[in-house]
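A quick write-up on the structure given underneath.
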Amino acid sequence: MARITAGVGCSHVPAIGVAMDTKITDQPYWQPVFKGFEKSREWMKEKNPDVIFLVYNDHCTAFDASCIPTFALGAAAEFKPADEGWGPRPVPVVKNHQKMASHIAQSLVLDEFDITIMNEMEVDHGLTVPLSVMYGDMGPDDEWPALVIPLAVNVVQYPAPTGNRCYNLGKAIRKAVESYEEDLNVVIFGTGGMSHQLQYKRAGLINAEWDKRFLDLLTEDPVYASKIPHVEYLREAGSEGVEMVMWHVMRGALDDEVIEVHRHYHVPASNTAVGHIILENKAA
Ligand code: DHB
Ligand code: FE
């Protein structure tokens, strides 16, 4: 039987990917950002997941205003890094576990989560940056060490899903994974955030106190955290802070009580607070 052994929460700041691609990660500005991922890379080596179920958001790359799926599951054989204006990132193509993705699609829909199924999709920094920070430098001719099942969540255009809906989707994903017969070690990623606002009068907003409370709640009181309303993300974490609802999908797929094995929080990286957490199921 496949099982979800751990969850990773992780920012996806595009400039972090650029810093890695242009090899400037040891510059004083970036050094503390990457220092916090050293332990994570060790942990990834040790954990060595077969499959990463990666919850992320697309930024008007694969989707635009013409089509806005709330939850879109990647069912294609592979997903190429998208050109976001400066050419595709020089990182490996993302390979799917297509059979497991199809099983999860069926399980979710029969469980009344009516996801969109993507048989073709390119992936942007929302997906590639978390893989890069967790695995380290990988070139376009390398292979990511794990297969990746992407789940894109709409947090770009209101109405975005609630934290509670995301949390319950996490539970349905766990049920889907645990009903897949192959013996696979699955790690789930919830990505995006933390507090940031890229536009208008409050551009540059970062709220470290609120972010840290969010991380505390995520570990200790995930149900309470999942009930945080959209307006609180907007007010406290800025207009792009709502990306954090994706972390509740990850948390919902884990046990009620988890072990926090690592946390990293740093301000700033580009316009954003970088947040990262690793949570393990006790029985893992
Ligand atoms: C930044 C952060 C994001 O989450 C994003 O999608 C784009 C830009 C930033 O901090 O610059
Ligand atoms: Fe973003």
Side-chain angles (χ1 to χ4, degrees), residues 1-4 7 9 12 51-79 82 94-124 126-127 130 147-182 184 186-193 222-223 225-231 233 240 242-254:
M1 178 184 97
R3 71 211 186 285
I4 296 179
H12 66 214
V51 177
I52 295 173
F53 191 93
L54 207 156
V55 184
Y56 80 108
N57 75 286
D58 177 83
H59 300 75
C60 299
T61 304
F63 308 113
D64 59 32
S66 67
C67 176
I68 307 170
T70 302
F71 299 115
L73 188 83
E78 59 177 42
F79 310 94
V94 175
K95 301 274 171 71
N96 198 354
H97 191 310
Q98 232 178 340
K99 202 170 160 207
M100 190 184 205
S102 304
H103 168 84
I104 293 174
Q106 169 160 310
S107 180
L108 289 180
V109 173
L110 295 183
D111 219 1
E112 301 175 356
F113 280 91
D114 305 322
I115 44 139
T116 300
I117 293 167
M118 301 300 297
N119 289 321
E120 208 176 294
M121 182 165 71
E122 291 194 345
V123 289
D124 71 11
L127 184 135
L147 299 171
V148 177
I149 302 178
L151 179 83
V153 179
N154 166 45
V155 288
V156 168
Q157 177 90 42
Y158 281 92
T162 62
N164 181 56
R165 183 68 171 158
C166 289
Y167 186 74
N168 288 329
L169 175 59
K171 294 201 171 300
I173 291 165
R174 178 181 186 153
K175 186 170 151 194
V177 168
E178 290 182 351
S179 59
Y180 190 68
E181 72 283 3
E182 204 182 332
L184 295 170
V186 181
V187 169
I188 182 164
F189 282 26
T191 62
V223 173
S226 72
K227 304 274 197 286
I228 295 171
H230 284 154
V231 70
Y233 292 100
E240 276 67 55
V242 72
E243 286 181 348
M244 275 186 272
V245 295
M246 295 183 287
W247 294 45
H248 300 302
V249 182
M250 174 272 279
R251 189 63 184 87
L254 301 179

With sequence neighbours left out, the residues meeting side chain to side chain donor-acceptor pair (under 3.5 Å) with N57 are H59
Nearest heavy-atom contact between Y56 and G126 is CB-O, 3.5 Å
Show your reasoning for whether side chain to side chain contact (heavy atoms under 4.5 Å, CB included) applies to V177 and I104.
CA-CA 7 Å; V177 168; I104 293 174; 4.1 Å; yes
Measuring only between side-chain heavy atoms, which start at C-beta, is Q157 closer than 4.5 Å to F63?
no
So the side-chain hydrogen bond (donor to acceptor under 3.5 Å, both in side chains) pairs with at least one residue in residues 97-115 (sequence neighbours excluded) are H97-E182, H103-S179, D111-K175
- Tell me, do F113 and N168 make a side-chain contact under 4.5 Å, heavy atoms counted? yes
Taken in chain and number order and not counting sequence neighbours, the residues that satisfy salt bridge (charged side-chain N to carboxylate O under 4.0 Å, His left out) with E178 are R174
Sequence neighbours excluded, the answer for side-chain contact (heavy atoms from CB on, under 4.5 Å) partners of A76 is F79
Flag, side chain of W247 to backbone of G163, donor-acceptor distance under 3.5 Å: no
Residue pairs meeting salt bridge (charged side-chain N to carboxylate O under 4.0 Å, His left out), one or both in residues 68-79, sequence neighbours left out, come to E78-K80
Sequence neighbours excluded, the answer for side-chain contact (heavy atoms from CB on, under 4.5 Å) partners of I117 is A75, A105, I115, N119
Sorted by chain and number, sequence neighbours left out, salt bridge (charged side-chain N to carboxylate O under 4.0 Å, His left out) with R165 holds for none
Heavy-atom nearest pair, I188 first then A253, reads CD1-CB, 3.8 Å
Rounded to the nearest 0.5 angstrom, the CE-CG distance for M246 and L169 is 12.5 Å
*Quick one: are L73 and I149 in side-chain contact, heavy atoms under 4.5 Å?*
yes
Validation row: I173, F53 side chains within 4.5 angstrom (heavy atoms):
yes
P161 and V153 have their tightest heavy-atom pair at CG-CG1, 3.7 Å
Smallest heavy-atom separation, N154 atom then P159 atom, equals ND2-O, 3.5 Å
key: Note, C166 side chain near F71 side chain (heavy atom, < 4.5 Å)   = yes
With sequence neighbours left out, the residues meeting side chain to side chain donor-acceptor pair (under 3.5 Å) with N164 are none
Taking every heavy atom of M118 against every heavy atom of A72, the minimum-distance pair comes out as CG-CB, 3.7 Å
Hits for side-chain contact (heavy atoms from CB on, under 4.5 Å) against P130, two or more places apart or cross-chain, chain-then-number order -> C10, H12, F189, T191
Heavy-atom closest pair (V156 atom, D58 atom, distance to 0.1 Å) is CG2-O, 3.3 Å
Check: Are M100 and V186 side-chain neighbours, meaning at least one heavy-atom pair lies under 4.5 Å?
Finding: yes
Flag the pair L147 / L184 as yes when at least one side-chain heavy-atom distance between them is below 4.5 Å, and no otherwise. no
